[in-house]
Number of protein chains: 2
Amino acid sequence: MVITIGREFGSGGRELGRLLAENLGIDYYDKEIITEIAKNTELSENYVRQVVEKNPHDLFPITVAHTFSYIDVQTIQQKQMIFDEQEKVIKKMAGTSDCVIVGRCADYILRDIKPYRIFVYADMDSKVERCLSRSDDAKGLPRKKLVKKIKSIDKNRARYYNYYTGETWGNKLNYDICVNTTNVNIADLVPHIAKMIKG
Amino acid sequence: MVITIGREFGSGGRELGRLLAENLGIDYYDKEIITEIAKNTELSENYVRQVVEKNPHDLFPITVAHTFSYIDVQTIQQKQMIFDEQEKVIKKMAGTSDCVIVGRCADYILRDIKPYRIFVYADMDSKVERCLSRSDDAKGLPRKKLVKKIKSIDKNRARYYNYYTGETWGNKLNYDICVNTTNVNIADLVPHIAKMIKG
């Protein structure tokens, strides 16, 4: 049993994933993926996180006076290497034990073993509320800036996903179920989703 | 408790709605809405069905040599009347008893009372299979024609919904949950969804 979770920033997708893993008594992978990639590639966790959370279009070489900048070519290779490593790490995790994997294109990477694919989303007000309730950083931001930040993070997630998978992030057809967490207590929802997955 | 179901043609949304109503022991409205509109407007059921299932852009008057055709203006008024009546019928149904309402922009019409909104969808192969298994008409069609028919029905549903609601049919944010019925036994799914709604 492998469950993948795609989620909008602030939708509580990570919480849903964690509680689902707890409920089903299976492993939960989220930040551990970054740690593992960093270990295997000997890059810093910080750098790996930056690469996988940034706009993948930064990958494209910028032509300066009709020549490729050397540094950009190197960056592209390194980013591709990180994605390759991410693929290996995720396949290994899914092959080792039942688990919930949050983000990281896992639904696509694991498509051959047909994981149960969940997408978690919510309306903007609800995402702002969730950010404010869980992060002191968010509390310091004016609402307008927080909305901008949420949109920008999701834009990067979408670009990263679309770039590596050739699919569209958040497109219903790529998920078995899409859950709107607006005005929803995630803990109440989880046992039902768990039962649905167990069938 | 009012549940609305939007659904792609061939996704089994109607079956899901019927079984959900049975499971919850509440009323189920689908074709009854058309019957009721016909009764109240003194139009034939057939005509009402045609109007609500056809491309609403047929509504727009066609300008012929810079004048409106008289017959088109009349048609527009009749179609608007049917939508107004549909709104009344659906509000009355939802106000009378707990129920499941399939299609007919009910999620939008009932937005003030916050129904539980489900959208049911599936991949094309699965929709073709469902059509073949439940309809003798479908069996007589070559696959290509059946696919074309499914797409055309959904295109009309989308246009009708978007025209009357100003929203986008099938947009996740307008539903509490979106369920992919590809390779899924709907009867197995229903009890879990029922429990999720009961909370």
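Just so we're on the same page: letters track the sequence lines, and every chain starts at 1.
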Exercise. When only pairs under 4.5 Å are counted, which of A:Lys195, A:Lys172, A:Arg117 shares the most heavy-atom pairs with chain B?
Worked result: A:Lys172
Exercise. For A:Asp188, is it the side chain, the backbone, both or neither that has a heavy atom under 4.5 Å from a heavy atom of chain B?
Worked result: neither
For this session: Please say whether the positively charged group of A:Arg104, taken as NZ for Lys or CZ for Arg, lies over the ring of A:Phe83, i.e. under 6.0 angstrom from the six-membered ring centre and within 45 degrees of the axis.
Result: no
For this session: Answer yes or no: is there a donor N or O on one side and an acceptor on the other, between the side chain of A:Thr168 and the main chain of A:Asn171, under 3.5 Å?
Result: no
Exercise. Within the side chain of A:Glu32, is there an N or O that forms a donor-acceptor pair under 3.5 Å with the backbone of A:Asp30?
Worked result: yes
Exercise. Would a hydrophobic clustering, with Ile, Leu, Val, Met, Phe, Trp and Tyr connected at side-chain separations under 4.5 Å, put B:Val2 with B:Ile33?
Worked result: yes
Exercise. Pick from B:Asp176, B:Thr182, B:Asp123: which one has the most heavy-atom pairs with chain A under 4.5 Å?
Worked result: B:Asp176
